[in-house]
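Heavy-atom basis, side chains included; hydrogens, waters and symmetry copies ignored.
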Amino acid sequence: MDSKRQYDTFRVAAASSDYGYTVDVHFGRATDFYIYQFLDGEWIYVETRSVQPVCHGGGHSHSEMEKTVELLQDCQYVTASRIGAGATALLSKKGIVVMALPGDLMEALDKISSYNEIQKLLLK
């Protein structure tokens, strides 16, 4: 039996206003998403993707939201401090799991990793 643990590889887009230290921005107000990849049991920073905020004074631009979702389509998860129903629906249609996990970014990533591991076990 191989004692080396098998890990899935997946990406997370995190909405942050402080250079990726905390998940502290509503999805629709985000200007930057920090992309991390889980690889060989470790989190690796990939890049920062800048977007136009989609929420404007209580409403949102559907076309801008679609552009943002397209920009994040290679990610399996998106986390923000809050995510509205419209964004959740668009992301879910692309197969992206949405998680509102405000607070420390590394703690959010660890929660997503644990969730991914549980989902993997449930699907066996």
Exercise for the section: Dump the intermediate steps for side-chain contact (heavy atoms from CB on, under 4.5 Å) on Leu109 and Leu101, then the final yes or no. Expected result: CA-CA 9 Å; Leu109 293 175; Leu101 297 170; over 6 Å; no
Exercise for the section: With side-chain contact (heavy atoms from CB on, under 4.5 Å) as the test, would you mind laying out the steps for His62 and Leu90 before giving the verdict? Expected result: CA-CA 10 Å; His62 189 74; Leu90 280 175; 3.9 Å; yes
Practice task
Apply the test side-chain contact (heavy atoms from CB on, under 4.5 Å) to residues Val12 and Cys75: give CA-CA distance (whole Å), side-chain angles for both, the deciding distance (0.1 Å), then the verdict.
Solution key: CA-CA 5 Å; Val12 176; Cys75 298; over 6 Å; no
Exercise for the section: Dump the intermediate steps for ring-ring contact (aromatic ring centres under 6.0 Å, His included) on Phe33 and Phe27, then the final yes or no. Expected result: CA-CA 9 Å; Phe33 285 90; Phe27 179 88; 5.4 Å; yes
Exercise for the section: Starting from the C-alpha separation in whole Å, work towards a yes-or-no answer on side-chain contact (heavy atoms from CB on, under 4.5 Å) for Ile112 and Thr79. Expected result: CA-CA 9 Å; Ile112 292 169; Thr79 186; 4.1 Å; yes
Exercise for the section: Please test Tyr19 against Asp32 for side-chain hydrogen bond (donor to acceptor under 3.5 Å, both in side chains), starting from the C-alpha separation and ending with a verdict. Expected result: CA-CA 9 Å; Tyr19 304 102; Asp32 292 308; over 6 Å; no
Handout entry: Intermediate values then yes/no, ring-ring contact (aromatic ring centres under 6.0 Å, His included), Phe10 and Trp43
Key = CA-CA 10 Å; Phe10 58 91; Trp43 287 106; 5.5 Å; yes
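Under a hydrophobic clustering in which Ile, Leu, Val, Met, Phe, Trp and Tyr are joined whenever their side-chain heavy atoms come within less than 4.5 Å, directly or via other members, Leu71 and Leu91 fall into the same cluster. Under a hydrophobic-cluster definition in which Ile, Leu, Val, Met, Phe, Trp and Tyr are linked whenever side-chain heavy atoms come within less than 4.5 Å, directly or via other members, Tyr34 and Val51 are assigned to different clusters. Residues Val46 and Ile96 share a hydrophobic cluster, clusters being chains of Ile/Leu/Val/Met/Phe/Trp/Tyr side chains in contact below 4.5 Å. One hydrophobic cluster, built from ILVMFWY side chains closer than 4.5 Å, holds both Val98 and Ile35. Under a hydrophobic-cluster definition in which Ile, Leu, Val, Met, Phe, Trp and Tyr are linked whenever side-chain heavy atoms come within less than 4.5 Å, directly or via other members, Met106 and Val78 are assigned to different clusters.
In plain terms, the two heavy atoms of Gln52 and Thr68 that are nearest each other are O-OG1, 4.1 Å. Between Ala14 and Val23, the shortest heavy-atom contact is CB-CG2, 4.4 Å. In terms of heavy-atom proximity, Ser16 sits nearest to Val25 at C-CG2, 3.7 Å. Minimum interatomic distance between Ala100 and Ser81 (heavy atoms only, all atoms of both residues): CB-O, 3.8 Å.
Below 30°, between 30° and 60°, or above 60°: for Tyr45 and Tyr36 the angle between ring planes is above 60°, a perpendicular geometry.
Residues passing the salt bridge (charged side-chain N to carboxylate O under 4.0 Å, His left out) test with Lys67, sequence neighbours excluded: Glu64.
To the nearest 0.5 Å, atom OG of residue Ser17 and atom NE2 of residue His26 are 14.0 Å apart. Rounding to the nearest 0.5 angstrom, the gap separating the CG atom in Leu39 from the CD1 atom in Ile44 is 4.5 Å. Rounding to the nearest 0.5 angstrom, the gap separating the OH atom in Tyr77 from the NZ atom in Lys111 is 15.0 Å.
With a 6.0 Å radius and a threshold of 12 heavy atoms from other residues, nucleotides or ligands, Gln73 has its CD atom above the threshold.
Between Asp24 and Arg29 there is no salt bridge, since none of the side-chain N atoms of the basic residue sits less than 4.0 Å from a carboxylate O of the acidic one.
Using a 3.5 Å distance cut-off with no hydrogens or angles, the side chains of Gln76 and Arg11 do not pair a donor with an acceptor.
The salt bridge (charged side-chain N to carboxylate O under 4.0 Å, His left out) analysis of residues 86-105, with sequence neighbours excluded, yields the pairs Glu70-Lys94.
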